Amino acid sequence: MKKTEKVEFITETLEKLYPRTPIPLDHTDPYTLLISVLLSAQTTDKMVNRVTPDLFKKGPNAKAMARLATDEIREIIKPVGLSPTKSKAIKKLSEILIDKFDGKVPATFKELESLPGVGHKTASVVMAQAFGVPAFPVDTHIHRLMYRWGLTNGKNVTQTEKDAKRLFPKELWNKLHLQIIFFGREYCPARSHNFESCPLCRVVGRKSLVK
DNA sequence: AACTCGGGGCA
DNA sequence: TGCCCAGAGTT
């Protein structure tokens, strides 16, 4: 099966399965999205959703958040893990937004990635979901599925992002990355070797696990 | 490139 | 009890 045929089959199948792609994190603005995504690094969104109601009640925006003590933030986000690191990042980030960005979340990769706790993946999610700029946030789900489908060599996420952007139409990126994540969780999880039960792997690829 | 960070889920 | 999760930062 050619790569172009795979891409076509994948996009068609995902569109059938997930015609609407509700964003997993409950956010209404760039700031709460950014903080939610920052928190979700190294955890599941189930964990994140457990603490965000409280967190955003006390710190709904950069200004309010910056006023909270690091310890206060730490207490709220305790269940998420890495609380000291993350609470410091959230406070510092909020202060930087106020000092340098007029209290608003900047809309460029460079500026986003300059913020503490924000790497390329988090920046990509914010650019895609908050600002509608085409991006392809590659997390381990994307990485794993692209590899299993034989669409990337599985070496690193940087390569995977390049391959994804090269293979999939730009206008689909922002929707597709969410669809792939949903699909990965539901049908093609990291430790499942049962490719017969995975409707996409069964057709387009049978590669084994990454690593 | 390798290592660290930390609590929860799960076997 | 011990492995796994999944990104960012540091060296």
Side-chain angles (χ1 to χ4, degrees), chain A residues 23-25 27 30-55 62 65 70-97 100 105-106 108-130 135-148 152-165 173-174 176-194 198 208-211:
Chain A
I23 290 165
L25 300 160
H27 63 87
Y31 181 74
T32 51
L33 174 67
L34 174 59
I35 300 297
S36 299
V37 177
L38 185 154
L39 284 173
S40 68
Q42 299 164 285
T43 336
T44 58
D45 32 321
K46 200 178 275 180
M47 288 294 123
V48 175
N49 290 334
R50 204 185 282 179
V51 303
T52 42
D54 236 32
L55 183 64
M65 193 73 83
T70 309
D71 283 346
E72 199 172 348
I73 300 173
R74 181 187 302 167
E75 278 307 303
I76 298 171
I77 66 173
K78 206 186 269 176
V80 175
L82 286 187
S83 308
T85 312
K86 285 182 195 288
S87 54
K88 274 183 216 155
I90 290 171
K91 179 154 173 90
K92 187 85 173 79
L93 177 154
S94 302
E95 289 169 348
I96 294 172
L97 290 188
K100 299 198 173 156
V105 177
T108 69
F109 282 95
K110 199 179 169 189
E111 290 168 322
L112 282 168
E113 287 174 29
S114 75
L115 299 169
V118 181
H120 184 63
K121 193 260 178 178
T122 301
S124 298
V125 173
V126 173
M127 289 299 275
Q129 296 182 9
F136 218 115
V138 176
D139 65 356
T140 54
H141 291 287
I142 311 265
H143 190 54
R144 180 179 73 251
L145 294 197
M146 288 284 291
Y147 178 73
R148 289 182 182 176
T152 192
N153 64 21
K155 275 205 166 155
N156 54 57
V157 292
T158 311
Q159 186 58 46
T160 301
E161 183 178 341
K162 276 185 198 156
D163 291 330
K165 286 181 167 177
W173 292 355
N174 289 358
L176 199 56
H177 88 264
L178 290 171
Q179 290 173 319
I180 294 175
I181 290 170
F182 296 154
F183 180 84
R185 280 190 212 163
E186 193 170 352
Y187 294 99
C188 202
R191 268 171 287 184
S192 167
H193 292 251
N194 185 5
C198 172
S208 62
L209 301 175
V210 176
K211 282 171 209 162

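Within every chain, numbering begins at 1; the chains are lettered A, B, ... in the order of the sequence lines, protein sequences first and strands thereafter. Remember, it's a predicted structure, so these values are computed and weren't measured experimentally. Excluded from the calculations below are hydrogen atoms, water molecules and symmetry mates; all remaining heavy atoms, backbone and side chain alike, are included.
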Please state how far atom [atom1] in [X] lies from atom [atom2] in [N], giving the value in whole angstrom units.
X	N	atom1	atom2	value
A/Arg74	B/dC5	CZ	P	15 Å
A/Gln42	B/dG9	CD	P	16 Å
A/Leu34	C/dA8	CG	P	11 Å
A/Ile90	C/dA8	CD1	P	14 Å
A/Ile142	C/dG7	CD1	C1'	14 Å
A/Glu161	C/dG7	CD	P	13 Å
A/Arg144	C/dC4	CZ	P	15 Å
A/Met47	B/dG6	CE	C1'	13 Å

(message) Nearest 0.5 angstrom please: A/Phe182 CZ to A/His141 NE2, how far?
(response)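 Answer for the CZ-NE2 pair, A/Phe182 versus A/His141, is 10.5 Å.
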(message) How long is the straight-line distance from CG of A/Leu112 back to OG of A/Ser124, given to the nearest 0.5 Å?
(response)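 Separation between the atoms: 9.0 Å.
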(request) Would you please name every residue forming a ring pair (Phe, Tyr, Trp, His ring centres under 6.0 Å) with A/His120, sequence neighbours left out? (result)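 By the ring pair (Phe, Tyr, Trp, His ring centres under 6.0 Å) rule, A/His120 matches A/Phe109.
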(request) Report which part of the nucleic acid A/Thr85 touches: base, sugar-phosphate, or nothing (heavy-atom distance under 4.0 Å, all strands). (result)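 Nothing: the residue A/Thr85, judged by heavy atoms under 4.0 Å, touches no strand.
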(message) Under 4.0 Å, counting only non-hydrogen atoms across every strand here, what does A/Leu39 touch: a base, just sugar-phosphate, or nothing?
(response)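 Nothing, no nucleic acid heavy atom in range.
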Which nucleotide wins on minimum distance to the side chain of [X], given the candidates [options]?
X	options	value
A/Leu82	B/dG9, B/dG6, C/dA6	B/dG6
A/Asp139	C/dG7, C/dA6, B/dG9	C/dG7
A/Ala190	C/dC5, B/dG6, B/dG8	C/dC5
A/Lys121	C/dC5, B/dG6, C/dA8	C/dA8

(request) May I ask you to test the A/Leu39-A/Ile90 pair for a side-chain heavy-atom distance under 4.5 Å? (result)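 A side-chain contact under 4.5 Å exists here.
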Look at the side-chain N and O atoms of [X] and state whether any lies under 4.0 Å from the OP1 or OP2 oxygen of [N].
X	N	answer
A/Arg185	C/dC5	no
A/Thr122	C/dA8	yes
A/His120	C/dG7	no
A/Thr43	C/dA6	no

(message) If you assign each of A/Glu113 and A/His141 to its closest nucleotide in DNA chain C, which residue comes earlier from the 5' end?
(response)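 With A/Glu113 and A/His141 compared, the 5'-side residue is A/His141.
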(message) Under a 4.0 Å threshold between the charged nitrogen and the carboxylate oxygen, would A/Glu75 count as salt-bridged to A/Lys78?
(response)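 Salt bridge between A/Lys78 and A/Glu75, a charged N being under 4.0 Å from a carboxylate O: yes.
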(request) With P as the reference atom in both, quote the distance from C/dA6 to B/dA11 in angstrom, rounded to an integer. (result)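 It comes out at 15 Å once rounded to the nearest Å.
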(message) Taking C/dG9 as the reference, what is the distance to B/dG8 when you measure between their P atoms (whole Å, please)?
(response)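 So the two P atoms sit 23 Å from each other.
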(request) On DNA chain B, check which nucleotide each of A/Lys46 and A/Gly81 is closest to and give me the residue with the more 5' one. (result)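 The 5'-side residue here is A/Gly81.
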(request) Sequence neighbours left out, what passes salt bridge (Lys or Arg N to Asp or Glu O under 4.0 Å) with A/Lys86? Give chain and number order. (result)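 Partners of A/Lys86 by the salt bridge (Lys or Arg N to Asp or Glu O under 4.0 Å) criterion come out as none, since no residue qualifies.
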